[in-house]
Amino acid sequence: AVFIKNPASHKSKKSIIKKRFKTYLNFINLKNALLLSHQIKNMTKLILDTDPGVDDAMAIEFALNSKELDLIGLTTVFGNVNVDLATTNALRLIDLGNRPDIRVAKGAVKPLQDTFSGGVPFVHGDDGQGNTWHPESQLKAINQSATDFIIEQVKHFPNEITLAAVGPLTNLALALEKAPEIQDLV
């Protein structure tokens with residue numbers, strides 16, 4: 001996180017961060033334009049289980065723009081930030097990526113056997129996105145838990161789903177606890 005004493009310099013640092021993020025998005029768009037000539041018939045169906053801080057934002061943007069991945073949905077979990085902020089950030093990122101078709105399911109609020117420490121704002125900023133303070137998305141999370149969404153999708157697409165967990169593994173543990181049969185379907 002950036003600790004700023006001078007509010008005027010905060011606006012300039014915020015502007016720099018926004019410009020860097022836009023440059024990154026432009027890079028992803030260029031990469032996708034180059035990939036258009038290589039049509040991929042069998043895209044990998046992906047559920048990204050995430051706690052969107054700055055690092056996960058990059059993974060989400062890559063998945064949103066990949067011609068190799070069919071992003072089925074994002075499931076959120078506590079970690080870099082609390083699960084409510086993780087869900088807000090996931091919705092914001094799919095909105096910024098112009099992909100309102102991607103579903104977001106809110107997941108676990110704490111570890112199975114401990115308490116949540118509150119995240120790492122000194123790394124990811126108070127907003128979990130490097131203190132960029134982008135407006136919240138008008139998109140909403142689906143009315144289904146991350147655990148149930150994972151189970152439903154794995155059963156709907158047996159042996160086709162890739163689960164990529166880039167945060168704590170609590171949602172996956174809860175899904176396996178609730179429906180152990182899915183372990184053979186992923």
J.: Under 4.5 Å between side-chain heavy atoms, hopping through other hydrophobics if needed: is there a path connecting Leu174 to Leu163?
T.: no

J.: Report the residues that fulfil side-chain contact (heavy atoms from CB on, under 4.5 Å) with Ser145, sequence neighbours left out, ordered by chain and then residue number.
T.: Thr147, Asp148

J.: Under the criterion side chain to side chain contact (heavy atoms under 4.5 Å, CB included), I'd like the reasoning laid out for Lys155 against Leu185: C-alpha separation, chi angles, the key distance, then a yes or no.
T.: CA-CA 7 Å; Lys155 287 182 174 182; Leu185 302 176; 4.3 Å; yes

J.: Which residue pairs pass the ring pair (Phe, Tyr, Trp, His ring centres under 6.0 Å) test with at least one member in residues 63-93, sequence neighbours excluded?
T.: Phe78-Phe116

J.: Are Leu69 and Ile72 joined in one hydrophobic group, where the rule is that I, L, V, M, F, W and Y side chains link up if heavy atoms are under 4.5 Å apart?
T.: no

J.: With sequence neighbours excluded, tell me which residues meet side-chain contact (heavy atoms from CB on, under 4.5 Å) with Ala173.
T.: Leu112

J.: Given Val77, which of Pro111, Pro168, Pro52 fulfils the side chain to side chain contact (heavy atoms under 4.5 Å, CB included) condition?
T.: Pro168

J.: Check whether any side-chain heavy atom of Ser137 lies under 4.5 Å from a side-chain heavy atom of Ile94, and answer yes or no.
T.: no

J.: Is it the case that atom CD in Gln138 sees more than 12 heavy atoms from other parts of the structure closer than 6.0 Å?
T.: no

J.: Can you sort out the partners of Leu169 under side-chain contact (heavy atoms from CB on, under 4.5 Å), two or more places apart, ordered by chain and number?
T.: Ala165, Leu172

J.: What about Phe149 and Leu139, same hydrophobic cluster or not, with Ile/Leu/Val/Met/Phe/Trp/Tyr joined at side-chain heavy-atom distances under 4.5 Å?
T.: no

J.: Can Ile102 be reached from Val166 by stepping across I, L, V, M, F, W or Y side chains whose heavy atoms are under 4.5 Å apart?
T.: yes

J.: Would you say that Thr44 contacts Glu68 through its side chain, given a criterion of any heavy-atom pair below 4.5 Å between the two side chains?
T.: no

J.: For the CZ atom of Arg99 and the CG atom of Leu74, what is their distance to the nearest 0.5 Å?
T.: 10.0 Å

J.: Can you find a heavy atom in the side chain of Asp84 that is under 4.5 Å from one in the side chain of Thr88?
T.: no

J.: Taking everything shown except Asn143 itself, do over 12 heavy atoms lie less than 6.0 Å from its CG?
T.: no

J.: Is there a side-chain contact between Leu93 and Glu61 in this structure, where contact means two heavy atoms from C-beta onward sitting under 4.5 Å apart?
T.: yes

J.: Tell me which pairs pass salt bridge (charged side-chain N to carboxylate O under 4.0 Å, His left out) where either residue lies in residues 158-177, with sequence neighbours left out.
T.: Lys45-Glu160

J.: Is Val104 linked to Leu48 within one hydrophobic cluster, defined over Ile, Leu, Val, Met, Phe, Trp and Tyr using a side-chain heavy-atom separation of less than 4.5 Å?
T.: yes

J.: So does Asn98 have more than 12 non-hydrogen atoms from other groups sitting under 6.0 Å from CG?
T.: no

J.: Find the distance between CG (Asp51) and OG1 (Thr75) and round it off to the nearest 0.5 Å.
T.: 10.5 Å

J.: Would you say that Ile47 contacts Ile161 through its side chain, given a criterion of any heavy-atom pair below 4.5 Å between the two side chains?
T.: yes

J.: Please go through Val109's hydrophobic cluster and name the other residues, only I, L, V, M, F, W, Y counting, with side-chain heavy atoms under 4.5 Å joining them.
T.: Val83

J.: Would you find a donor on one side and an acceptor on the other, under 3.5 Å apart, between the side chain of Asn89 and the backbone of Gly53?
T.: no

J.: To the nearest 0.5 Å, what is the distance between CG (Leu91) and CG (Asp95)?
T.: 8.5 Å

J.: Would the number of heavy atoms belonging to other residues, nucleotides or ligands and lying under 6.0 Å from CD of Gln183 be above 12?
T.: yes

